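Reading through the structure tokens given below for one structure.
In this chain, residues are counted from 1 in sequence order. Given the structure is predicted, the values throughout are model-derived calculations rather than measurements.
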Amino acid sequence: YDNADVFRNLLMDEGNHELRKMFTGLFVDEFSAELHKKQAEGRMFPLPIPILSVFVAGGMAHLLMWWISGDSPYTKEEMIGHLTDIARREKDPRFLQPES
């Protein structure tokens, strides 16, 4: 949170579309790699991995941008906890299970 002003200026400025795209892409790559590992272990998903990766990564990136923009009432510690909970939820065996 020490550099929040820098991130806020970089991510929220309308001229920084490429930076936002790169920021989101980092999350996409991470989630995609994790889902591909799970698929290799026999896990099946209800949607294609690229769709799931973009959806989850986009949500995480926008959540961070929302928080950095100052529109969030949550402290740094609370946001770390919430983001950690989201990341752990992805590892929960019930997450994105096909409907029976």
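In this structure, Ile80 is not a member of the same hydrophobic cluster as Leu83, with clusters built from ILVMFWY side-chain heavy atoms closer than 4.5 Å. Note on Phe27: it clusters hydrophobically with Trp66, by side-chain heavy-atom contacts below 4.5 Å among ILVMFWY residues.
To the nearest 0.5 Å, the span separating CE on Met60 from CD on Glu30 amounts to 10.0 Å. Atom CE of Met79 and atom NZ of Lys76 lie 13.0 Å apart (nearest 0.5 Å). Atom CZ in Arg43 sits 14.0 Å away from atom NE2 in His36 (nearest 0.5 Å).
In plain terms, the two heavy atoms of Ser32 and Ile49 that are nearest each other are OG-CG2, 3.9 Å.
Leu63 has its side chain out of reach of Trp67: every pair of non-hydrogen atoms, C-beta onward, lies at least 4.5 Å apart. Leu35 places none of its side-chain heavy atoms less than 4.5 Å from the side chain of Gln39. Within the 4.5 Å cutoff, no side-chain heavy atoms of Phe55 are placed close to those of Leu47. Contact annotation: the side chain of Phe45 approaches that of Leu52 to within less than 4.5 Å [non-hydrogen atoms, C-beta and beyond].
Tyr74 is linked by a ring pair (Phe, Tyr, Trp, His ring centres under 6.0 Å) to His82, counting only residues two or more places apart in sequence or in another chain. Contacts of Glu78 classified as side chain to side chain donor-acceptor pair (under 3.5 Å), with partners at least two apart in sequence or in another chain: Thr75.
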